[in-house]
2 protein chains.
Amino acid sequence: MARTQADDYTEKRVAIRQKAAQMFADEGFDRTSMAALASACGISKALLYHYYNDKSELLYDVIAGHLSELCLDVEQADDETLSPNDRLLSLILSLLDAYSHADNEHRVQINALKFLPADKQESLKDMERELVHRFCNAIAATNPKLGANKAILMPVTMSLFGMLNWHYMWFRQSGVLTREQYAQMAMTIITDGTENLI
Amino acid sequence: MARTQADDYTEKRVAIRQKAAQMFADEGFDRTSMAALASACGISKALLYHYYNDKSELLYDVIAGHLSELCLDVEQADDETLSPNDRLLSLILSLLDAYSHADNEHRVQINALKFLPADKQESLKDMERELVHRFCNAIAATNPKLGANKAILMPVTMSLFGMLNWHYMWFRQSGVLTREQYAQMAMTIITDGTENLI
DNA sequence: CCTACCGATCGGTAGG
DNA sequence: CCTACCGATCGGTAGG
């Protein structure tokens, strides 16, 4: 009987992807050689190329897997029956929680997405835009006047993303603040901070 | 008479540094070859090495020049005779203004500082810490209770830096918001947003 | 013995 | 699933 794809093909791809995320995050995309990645995975470089046709496909997979997980988590956390502030808090918490479980992938997304060819970047940026759009709506719900002023709503939303995406640069698990406390702080800064903005 | 160092030695170094900042920002540090940089400067690679002993010295100079300019500008903008809110606004404005005149250098600082050897990173991180410290003090002045709570003051300050350092990712000169308006918005978000935080 | 500058090429390593 | 290679390009340096 002809051999078909190995049963564990997908699992092995996932293992490679996770190791790649770690090395891309630690050393940078350009500085991680395919040979070093293969060695770290305990396989030959030729076998690595059996699972991934080229290096950029691997980078794409790392970021795409991360972003689709992010979109899913945030979508599930988006509960419109909550009060506007609690709804926004739930979104922020789900984002920070997803980041904490995918710290390597998050750093790769932030630092290496630009190394992808333009067309591959676009589908990933679409997912980023979906995330931004969901946060936009939740912020708008906390403040009707702000929600009606798209020209101000966008910079406010990007300010929140700046806070959250910058988080990994300084936040330490062992610090004085828990992730939950920071989520609460970020929510309060955005809602109270924009209350009298317009 | 014996020849000494050319009069325009320093100017030529500056020109090389600025071109390097542009290419490092556009293409990434690792993807900018010394040969391509020399070519863009209209000089030979050997002459490029006459001005800079190696590639990492060039990267260091780009970031160090930017950060020392930043520290200087922000120091001059720090006017303690202003009201606390106006003082913070002045700091934010000077930072965004410096960023706008050194967009390439800013992007290199954010994306490529990690490629420097550890010891060279430290002196640059010292300058970053000096900046953070100045903002910390200004934020503390806007809110006595916050100023007395260092454990909360630090995350608030890092939130502001997240907003400002993320700015280049989405802000466009032609957008609906001017840089001055965004500075005002950032100041308000931080001051109003932290008013009832503790 | 200095600085300024060139064409050619070094030893290693990249992705494939 | 491997070793053996490739075309190209890297950062850096030679002699003059």
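Residue numbers start from 1 in every chain, and the chains themselves are labelled A, B, ... in the order their sequence lines are given, proteins ahead of strands.
In this structure, CZ of A/Arg31 is placed 14 Å from P of D/dC10, rounded to the nearest angstrom. Rounded to whole Å, the distance from CG on B/Leu48 to C1' on C/dA4 is 14 Å. A/Lys45 has its NZ atom 9 Å from the C1' atom of C/dT13, to the nearest Å. Rounded to whole Å, atom P of C/dC2 lies 13 Å from atom NE2 of B/His50. Rounded to an integer number of Å, the gap from A/Asp30 CG to C/dG15 P is 8 Å. Rounded to an integer number of Å, the gap from A/Tyr51 OH to C/dG15 P is 20 Å. The separation between B/Glu27 atom CD and D/dT9 atom C1' is 15 Å, rounded to whole Å. Rounding to whole angstrom units, NZ of residue B/Lys55 and C1' of D/dT9 are separated by 12 Å.
Residue contacts for A/Thr32: at a heavy-atom cut-off of 4.0 Å it reaches the sugar-phosphate backbone alone, with no base atom in range.
Of the candidate nucleotides D/dG11, C/dC6, C/dG15, D/dG11 has the atom nearest to the side chain of B/Ser33. Distance from the side chain of B/Ser44 is smallest for C/dC6 among the nucleotides D/dG11, C/dC6, C/dG16. When distances are taken from the side chain of A/Ala46 to each of D/dG11, C/dA4, D/dC2, the shortest belongs to D/dC2.
Using modelled atom types and a 3.5 Å distance limit, the side chains of A/Asn85 and A/Ser83 yield no donor-acceptor pair.
If you take atom C1' in D/dG11 and the same atom in C/dT9, they sit 13 Å apart, rounded to whole Å.
A ring-centre distance under 6.0 Å is not found for A/Tyr99 and A/Tyr168.
The shortest distance between side-chain heavy atoms of B/Tyr49 and B/Met34 falls below 4.5 Å.
To the nearest 0.5 Å, atom OG1 of residue B/Thr188 and atom CD of residue A/Glu195 are 13.0 Å apart.
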